[in-house]
Each structure stands twice: as structure tokens, then as C-alpha cells.
Colleague: 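Just passing along the structure, written as C-alpha cells.
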Amino acid sequence: MTTPALPPIDAAALRAAATESKAWPFEEARKLLKRYPEGKPAKNGHAAPVLFETGYGPSGLPHIGTFNEVLRTTMVRHAYETLTGAPTRLIAFSDDMDGLRKVPDNVPNQAMLADYLGHPLTKVPDPFGKFESFAHHNNAMLREFLDRFGFDYEFASSTDYYTSGKFDDALRAVLRHYDAIMGVMLPTLRAERQATYSPVLPISPRTGIVLQVPVEVVDAEAGIVRFTDDGKVIEQSILSGGAKLQWKVDWAMRWVALGVDYEMAGKDLIDSVIQSGKIARVLGARPPEGFNYEMFLDEKGEKISKSKGNGLSLDQWLTYGTDESLAFYIYREPKKAKALHMGVIPRAVDEYEQFRAAYPMQSLKEQLGNPVHHIHNGAVPHETLPVTFGLLLNLVGVLGASATEGQVLGYLQNYLDNDAHLEALAGVFDTAMQGGRSKLSKFIKCALAYNRDFVAPTLVRRAPEGVEIEALRRLDAVLAALPDWADAEAIQNEVYEIGKTAGFETLRDWFRALYETLLGTSQGPRMGSFIALYGIANTRALIAEALARDAAGDQG
């Protein structure tokens with residue numbers, strides 16, 4: 001990201017503090033320090049970079065869960081670099097030679113896709129008609145998003161690695177240790193699966209389908225295996241694209257062939273991590289470090305699935321929330337299952353801003369525990385925004401679904417009640433007013449979209465009742481006596497005093513009445529801030545409308 005940042009922290013002080021930090025990226029990075037106490041051994045006389053890997057199965061459209069793994073891995077990578085200054089690499093590996101197991105629910109041309117079940121994903125036509133294959137389409141979507149966030153990564157295609165021969169030496173090792181690998185896998189399978197299981201999945205020379213058939217090793221060094229395809233016994237090389245490996249064996253082979261040092265995975269893959277680790281040791285290598293994160297859940301508490309399409313897409317979040325809010329939500333509590341739906345976006349936007357605003361005043365220890373340090377790799381931006389996202393949503397909720405960015409900017413300019421604050425934000429406002437891509441402009445666009453699609457359809461302003469009626473009349477009178485330039489704190493004090501003396505059981509009842517009668521929602525902002533933002537005259541108009549609803553009800 002290219003936003004202005006605070007001055008960098010002294011490297012030596014940072015490294016010392018990071019050694020003691022309890023932030024989870026540093027805790028993960030210290031696993032790699034134990035793996036290589038003296039640093040990763042040099043290779044061919046050159047410093048060997050510590051290799052991080054993330055995996056992607058392009059059988060469905062990428063979603064936030066996919067991005068989540070790259071972001072979190074990148075945070076651990078940066079933490080390791082902070083601790084050591086050693087070189088690193090990140091490979092985003094796509095398992096695009098996997099056979100299409102089922103047709104995703106959320107893509108077009110499903111009948112066409114059904115004709116390609118079992119074929120490698122790079123041989124399945126793109127249902128969107130834009131790319132060479134379905135895998136190429138989904139790989140492109142993944143890279144586009146990773147590039148947007150400025151990730152430093154190397155994209156790798158399973159199909160390219162298999163067909164180019166890059167995996168051939170590792171495939172020979174799999175055949176040499178075939179019986180030992182079977183010894184790892186067979187005890188984990190049901191009896192009926194044991195009868196047909198093979199670590200090697202040959203590609204049918206007749207149909208091009210990835211076959212799930214028993215295989216006999218004929219010549220490990222030549223890569224020759226024997227299997228039956230539609231009643232015909234075939235001997236075929238598994239090298240250079242003649243086969244791929246079963247999932248858990250493939251994962252282990254990849255770790256060994258690439259020399260992967262760190263890879264995290266979802267909690268649902270704990271068994272796979274264990275078995276693949278055993279196979280990696282059979283192949284003579286040490287499994288990578290890593291940890292198992294909890295899964296994202298949808299509104300119903302169900303696991304998000306690419307094929308079901310029941311989670312948020314990347315574009316959906318970024319229509320209604322900022323880039324940083326997405327990264328913030330992903331950073332928090334990786335070992336706790338979290339709901340991922342539209343309702344979590346506003347809070348994530350505001351919580352990110354709260355942590356960002358606190359960062360400059362914090363000690364170094366506190367900064368290293370602050371999520372924004374890891375989101376921005378220490379280069380934390382310091383833009384100032386005049387309001388919270390929640391308050392902005394309340395404003396556009398009152399303005400209505402047809403509100404424009406220009407209208408909102410006008411209200412914000414009136415809200416800034418001192419020249420120093422306005423001067424500090426002048427550049428932000430100038431860019432936004434000119435249609436630029438400022439953070440404030442993005443902030444407003446997200447609020448307008450969220451209000452239009454999720455808030456406005458649900459707003460119902462009720463008529464005041466009981467003590468609420470007189471309390472609203474008193475509020476109107478108090479506001480009428482205040483100058484137009486009254487600040488949020490002065491207004492809040494007046495609202496508070498009315499609530500204490502108007503006969504409500506609790507102040508919470510008074511504020512809930514304000515939200516429900518004036519804003520149409522059961523929860524809302526600090527009323528002093530809202531009134532200062534919306535304007536005293538406009539707020540008095542809202543009160544008049546609310547009292548008119550009561551009068552209409554009395555007449556009825």
C-alpha cells in the first residue's frame with residue numbers, strides 16, 4: 001500500500017522486542033528459529049531462503065478463506081524476516097492438475113462442466129469462456145487479488161511442475177518407497193477403500209481422466225507403473241505428466257521436492273498434515289513447520305465452501321468494506337472459528353481504525369502486538385478520518401438510499417468545527433471532492449453501498465410513545481437554543497441531561513428511543529456526534545417527523 005507511514009522503527013530495537021512478543025506471527029516465526037538455529041544451510045555457496053508455501057485448490061472460485069491463508073502466511077514470513085534478517089520466499093501453489101470431483105454450485109454452464117468430471121482442472125473448459133481452462137480462470141482470479149494487495153509471492157502450477165519434469169525425481173522416490181507409503185496410508189482407510197487405494201493416480205491414455213485405480217510399480221527408476229484402464233492392462237510412465245499423486249502423498253512430495261519450511265492449514269486438514277508429515281519422513285525429509293487455523297463460518301454456522309459459494313467473495317467484502325478491514329478481520333484470533341458474512345464488515349472497519357489510531361502512542365511492545373503492525377509490516381499509515389464508519393452509516397441511513405458521495409462530503413466538511421482539523425484533512429477532502437481514490441472517498445463509497453443494500457431496506461422509524469414524546473419535545477427545544485456551531489460534546493451533554501430527567505427507567509431506554517424514532521434502528525451512534533454531523537436544523541426536522549407520526553397515530 002502506498003499510503004503515508006510512520007517513521008520506521010530501529011531494526012535492532014525491533015528485533016529485540018520481537019524476540020519476546022506474544023503476537024501470534026512472532027510465535028510462529030520462532031518455530032523457524034528452532035528449525036534453523038544457525039540459519040538455513042547455504043546451497044551451492046549461496047544463502048538459502050526459508051521457503052513458505054500456501055496451497056490453493058482451483059476447483060471453485062477463490063473466496064476470502066483462500067486469501068486468508070496467503071495473508072497469514074505473509075505475516076509469519078515478515079515476522080521471521082524481522083527476527084533474523086534472513087532471505088525468504090513465498091510460493092502460492094495451485095493444485096490445478098487435480099481431477100474435477102464435482103460441479104461447483106456458483107458457476108455457469110454446469111451441464112458442460114459435468115461432462116468433464118474426473119479430468120484435470122487445466123483440461124476442463126472455462127465455464128465463463130474467458131480463459132484456457134477452468135483452472136486458468138480461477139488461478140487468474142487468485143493472482144489478481146494477491147497482486148492487488150501487493151503480496152510478494154511466486155505463483156506455481158501443479159500442472160506445470162508435473163508436465164515439465166520438475167517433480168520427476170520426487171516421483172521416482174515415491175515409487176522407490178511405495179510400500180512404506182502404503183504402510184502409512186492404509187491403516188487410515190476403510191476396508192473397501194484399502195482395496196482400491198493407490199498413492200499414484202495415472203492419467204488415462206484413453207480418456208484423459210485422473211484414474212483412481214490400484215497401481216503396481218514396474219520400474220521405479222524409469223517411473224513405470226502397471227494398472228488396468230477399462231479392462232485393459234497398461235504400463236505407463238508417471239513422469240512428466242503421466243500421473244499425479246493422491247492428495248496427502250502429493251502434499252508430502254511437494255514439501256520434499258520444493259524444500260518447504262513453513263505451511264499452515266485449516267483445522268479440517270489436521271489428519272492430512274499428520275499423514276503427509278509421515279510420508280515426508282519416509283521420503284527422507286523433515287516436514288515443514290506450521291499451525292492449524294480455525295475455519296470461517298457462514299451466517300448459519302456452516303463451514304464456508306468454494307463449491308457451495310456460501311461465503312463472502314473477495315469483491316463483496318471490498319464493495320462494502322476497506323482493504324485494511326479485511327486484513328484486520330483475518331489477523332484476529334486465527335485459532336478461533338469466526339463468522340464471515342456481511343454483518344461483520346462495519347465493525348471490522350471501525351476496529352481497524354481504532355487500532356491504527358492507537359498505534360503511534362503505543363510502546364514498541366504494544367505496537368508489535370497491534371494487528372496493524374502485521375497488516376502493514378510495520379509501515380503503518382497515519383491518515384485521519386473525521387468520523388467512524390458506524391456514524392457514517394447512520395448519516396447515509398438518514399439521507400436515504402439515493403444519497404451521493406458529494407452530499408456526504410458536504411456534511412463532513414460542516415462537521416469539522418475547527419480550522420486545524422480541517423487543514424489537516426484538506427488534502428483528503430480535495431482528493432475526494434475531485435473524484436480521487438482517497439481513503440475517505442473509499443470510506444464513503446463503502447458506506448453508501450452498505451446502506452443501499454443492507455441498511456436502508458430494514459429501516460423502520462416508529463412513532464414515539466409515553467415519556468418519549470415529551471423527551472423529544474424537550475430535545476427539540478434545547479437544540480433550537482444551541483448555536484449552529486455547537487460541538488458534539490456540548491450536544492451530547494444536553495441529550496444526556498434530558499435522558500436523566502425525562503422519566504426513563506435507564507438512559508439506555510432513552511437512547512434506544514432516539515435510535516428507533518429518529519434513525520429507524522435499535523442501535524446507533526453517540527447522539528451528540530450524529531447531531532453535530534447531520535446538523536441541528538436537520539435533526540430538528542427528524543424530531544418533527546417523529547412527533548408527527550405520533551400525532552397521526554393519535555388521530556387514528
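A quick note: this is a predicted structure, and the numbers were derived from the prediction, not measured. Residues: numbered from 1 along the sequence shown.
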Colleague: Can the ring centroids of His136 and Phe131 be said to lie less than 6.0 angstrom from one another?
Modeller: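 Between His136 and Phe131, the centre distance exceeds or equals 6.0 Å.
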
Colleague: Show which side-chain atoms of residues 343-350 pair as donor or acceptor with protein atoms under 3.5 Å away, not counting sequence neighbours.
Modeller:
unit_1	atom_1	unit_2	atom_2	d
Arg347	NE	Glu351	OE2	2.8
Arg347	NH2	Glu351	OE2	3.4
Asp350	OD1	Phe389	N	2.6
Asp350	OD2	Phe389	N	3.4
Asp350	OD2	Gly390	N	2.8

Colleague: Between side-chain atoms of residues 519-527 and protein atoms elsewhere (two or more places apart, or another chain), which donor-acceptor pairs fall under 3.5 Å?
Modeller:
unit_1	atom_1	unit_2	atom_2	d
Thr521	OG1	Gln523	O	3.4
Arg526	NH2	Glu489	OE1	3.0
Arg526	NH2	Glu489	OE2	3.3

Colleague: Only counting residues at least two apart or in another chain, list the ones meeting side chain to side chain donor-acceptor pair (under 3.5 Å) with Thr458.
Modeller: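 Side chain to side chain donor-acceptor pair (under 3.5 Å) list for Thr458, sorted by chain: empty.
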
Colleague: If the condition is side chain to side chain contact (heavy atoms under 4.5 Å, CB included), which residues does Tyr496 pass it with, not counting sequence neighbours?
Modeller: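 Scan of Tyr496 (side chain to side chain contact (heavy atoms under 4.5 Å, CB included), adjacent residues dropped) gives Lys500, Leu507.
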
Colleague: Applying ring pair (Phe, Tyr, Trp, His ring centres under 6.0 Å), name anything that partners Phe504, two or more places apart in sequence or on another chain.
Modeller: Trp510

Colleague: Applying salt bridge (Lys or Arg N to Asp or Glu O under 4.0 Å), which residue pairs with at least one partner in residues 390-400 are found, sequence neighbours left out?
Modeller: none

Colleague: According to ring pair (Phe, Tyr, Trp, His ring centres under 6.0 Å), who are the partners of Trp24, at least two apart in sequence or on a separate chain?
Modeller: Phe291, Tyr331

Colleague: Please enumerate all residues that pass ring pair (Phe, Tyr, Trp, His ring centres under 6.0 Å) together with Phe511, with sequence neighbours excluded.
Modeller: none

Colleague: List for me each residue that meets ring pair (Phe, Tyr, Trp, His ring centres under 6.0 Å) alongside Tyr515, sequence neighbours excluded, and say none if there are none.
Modeller: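 Counting only residues at least two positions away or on another chain, Tyr515 forms no ring pair (Phe, Tyr, Trp, His ring centres under 6.0 Å).
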
Colleague: What residues, two or more places apart in sequence or in another chain, satisfy side chain to side chain donor-acceptor pair (under 3.5 Å) together with Gln354?
Modeller: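 Listed in chain order: nothing, the list is empty.
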
Colleague: With under 30° as parallel and over 60° as perpendicular, where do the rings of Tyr320 and Tyr450 fit, or are they tilted in between?
Modeller: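 Perpendicular, since the angle between the ring planes exceeds 60°.
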
Colleague: Which donor-acceptor pairs under 3.5 Å do side chains of residues 531-540 form with protein atoms, sequence neighbours excluded?
Modeller:
unit_1	atom_1	unit_2	atom_2	d
Asn538	ND2	Tyr411	OH	3.4
Asn538	ND2	Tyr534	O	2.8
Thr539	OG1	Gly535	O	2.8
Arg540	NE	Asp476	OD1	2.8
Arg540	NH2	Asp476	OD2	3.4

Colleague: Return each pair, listed once, that meets salt bridge (Lys or Arg N to Asp or Glu O under 4.0 Å) where at least one residue sits in residues 355-371; pairs must be two or more places apart or across chains.
Modeller: Glu353-Arg356

